[in-house]
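Notes to accompany the following structure.
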Amino acid sequence: MSNERLRAALVAAGKTPQQLSEDIGVDPKTVERWVSQDRTPHRTHRLKVACLLSRDDVYLWPATAADPRAKSASEAELVGLYPNRGSVGVEMWQSLISSSTESIDLLAYAASFLHDAVPDFAETLAAKARAGVRVRLLFGDPDSAAVALRGEEEGIGALMAARCRLTWAYFEPILNDPGVEARKHGSTLYNSIFRFDDTVLVNPHTLGAAASQSPILHFKRVPGGRLFTHHMSGFEHTWSAAHKA
């Protein structure tokens, strides 16, 4: 039996087994066995491969899900829990933005609270982009069925679409700035995601309630853990299905 998930991940990353073997320091035949015979590598090599291919190691090798070290690493990723979004102070948002050096990824329907809470929010993101940080903005398409449905579920009707339009109006001045990527989505969201390098704040959605009333889960990526990667895979799926703002 072959490992088709690993094979597909290699193709998606544009890597050959030979290149992967050089990247992680193993014999090319070893990598070929991982693919063609579904051999399971040692944990150290699994983690390196997962990082290089931007995949969860448990996704690539499902049989390792029961590994107690993977469970322990995932538990270690949970830094804390806030009972509602308002419990995350402005200082936390500012600190996460200012300390980011690689990636800032924001996914929500509107998240207009950030413009209200963080001074010069859009301009600050543009400055981070100019400094080399990849900034991805992924917010609701106000004309989409998903946004209309979310408005009905929250009991605010067309106000949800209006919030999305307001968010895009706030971002309009920076949408063409170098390093800023923006897309509108029409997806059903089960949580909002705010990623800053290896930290992600996840705001689950509860039917009938505004996202602000739901808790925030604070995760920080740990090698071998799967919670950070799991939630960011949701961001990537939504990003792929969205269209340019």
Side-chain angles (χ1 to χ4, degrees), residues 75-100 103-128 133 135-142 144 146-174 180 182-185 187-221 227-228 230-232 234-235 238-239:
E75 291 173 347
E77 288 189 301
L78 179 60
V79 176
L81 181 149
Y82 299 88
N84 54 58
R85 199 174 63 198
S87 300
V88 183
V90 175
E91 297 79 8
M92 170 68 83
W93 293 108
Q94 290 176 314
S95 175
L96 289 171
I97 295 169
S98 64
S99 63
S100 296
S103 299
I104 295 177
D105 297 325
L106 308 177
L107 166 63
Y109 283 113
S112 53
F113 74 95
L114 287 170
H115 297 274
D116 297 329
V118 180
D120 302 317
F121 179 59
E123 293 78 4
T124 301
L125 293 182
K128 296 301 290 189
V133 176
V135 175
R136 291 190 292 177
L137 309 174
L138 186 53
F139 296 102
D141 181 345
S144 68
V147 167
L149 178 59
R150 181 64 183 177
E152 293 302 319
E153 290 173 344
E154 285 193 16
I156 61 173
L159 284 178
M160 177 58 72
R163 288 180 180 176
C164 293
R165 290 190 175 89
L166 180 61
T167 289
W168 287 115
Y170 281 141
F171 282 127
E172 180 64 31
I174 72 166
V180 175
R183 295 185 184 181
K184 295 181 180 181
H185 73 80
S187 299
T188 299
L189 297 187
Y190 300 97
N191 48 57
S192 299
I193 293 174
F194 309 97
R195 182 264 185 101
F196 307 91
D197 287 350
D198 287 340
T199 293
V200 63
L201 302 184
V202 178
N203 183 193
H205 294 179
T206 300
L207 186 64
S212 61
Q213 299 173 14
S214 293
I216 291 274
L217 301 173
H218 181 174
F219 298 108
K220 187 170 181 63
R221 179 160 50 190
L227 299 179
F228 178 95
H230 174 72
H231 285 96
M232 284 309 301
F235 179 98
T238 311
W239 180 260

Point to revise | Residues that S95 engages under side-chain hydrogen bond (donor to acceptor under 3.5 Å, both in side chains), provided they are two or more places apart | key: none

**Study point:** Heavy-atom pair of closest approach, residues P119 and T124
**Key:** O-OG1, 3.8 Å

Check your understanding: Do F235 and L106 come within less than 4.5 Å of each other through their side chains, counting heavy atoms only?
Key -> no

Review point. Knowing that exactly one of L227, V200, V79 qualifies, which makes a side-chain contact (heavy atoms from CB on, under 4.5 Å) with K220?
Key: V79

Practice item. Enter the distance from L81:CG to H218:NE2 here, rounded to the nearest 0.5 Å. Key: 11.5 Å

Practice item. Check whether any side-chain heavy atom of V180 lies under 4.5 Å from a side-chain heavy atom of F171, and answer yes or no. Key: no

Could you pull out all donor-acceptor pairs under 3.5 Å where a side-chain atom in residues 157-167 meets a protein atom, sequence neighbours excluded?
from	atom 1	to	atom 2	distance (Å)
R165	NH2	D143	OD1	2.8
T167	OG1	A110	O	2.8
T167	OG1	R163	O	3.3

Point to revise | From CD (E154) to CG (L207), nearest 0.5 Å | key: 9.5 Å

Exercise for review: Check for a donor-acceptor pair, side chain of Y109 on one end and backbone N or O of G151 on the other, with a separation under 3.5 Å.
Suggested key: no

Point to revise | Least distance between heavy atoms, W168 atom then G140 atom | key: NE1-O, 3.0 Å

Practice item. For the residue pair I193 and T238, establish whether any side-chain heavy-atom pair is separated by less than 4.5 Å. Key: no

Practice item. Taking all non-hydrogen atoms of both residues into account, name the closest pair between P204 and S214 and its distance. Key: O-CB, 3.0 Å

Point to revise | Closest non-hydrogen atom pair between L125 and L137, with its separation | key: CD1-CD2, 3.9 Å

Point to revise | Backbone of H185 reached by a side-chain donor or acceptor of W239 within 3.5 Å | key: no

**Study point:** Intermediate values then yes/no, side-chain contact (heavy atoms from CB on, under 4.5 Å), K128 and I97
**Key:** CA-CA 8 Å; K128 296 301 290 189; I97 295 169; 4.2 Å; yes

**Study point:** F113 to R85 - nearest heavy-atom pair and separation
**Key:** CD2-CZ, 3.4 Å

Point to revise | Pair F121 and Y170, ring centroids less than 6.0 Å apart | key: no

Practice item. Sort and list the pairs that fulfil side chain to side chain donor-acceptor pair (under 3.5 Å) and have at least one residue in residues 188-199, not counting sequence neighbours. Key: T101-D197, D105-R195, S192-H205, D198-R221

Review point. What's the spacing between R183 CZ and L107 CG if we round to 0.5 Å?
Key: 12.5 Å

Exercise for review: Would you indicate whether the side-chain heavy atoms of I174 and V135 approach each other to under 4.5 Å?
Suggested key: no

Revision key, fill the gap. Nearest heavy-atom approach of S87 to Y82 is O-CD2, 3.5 Å

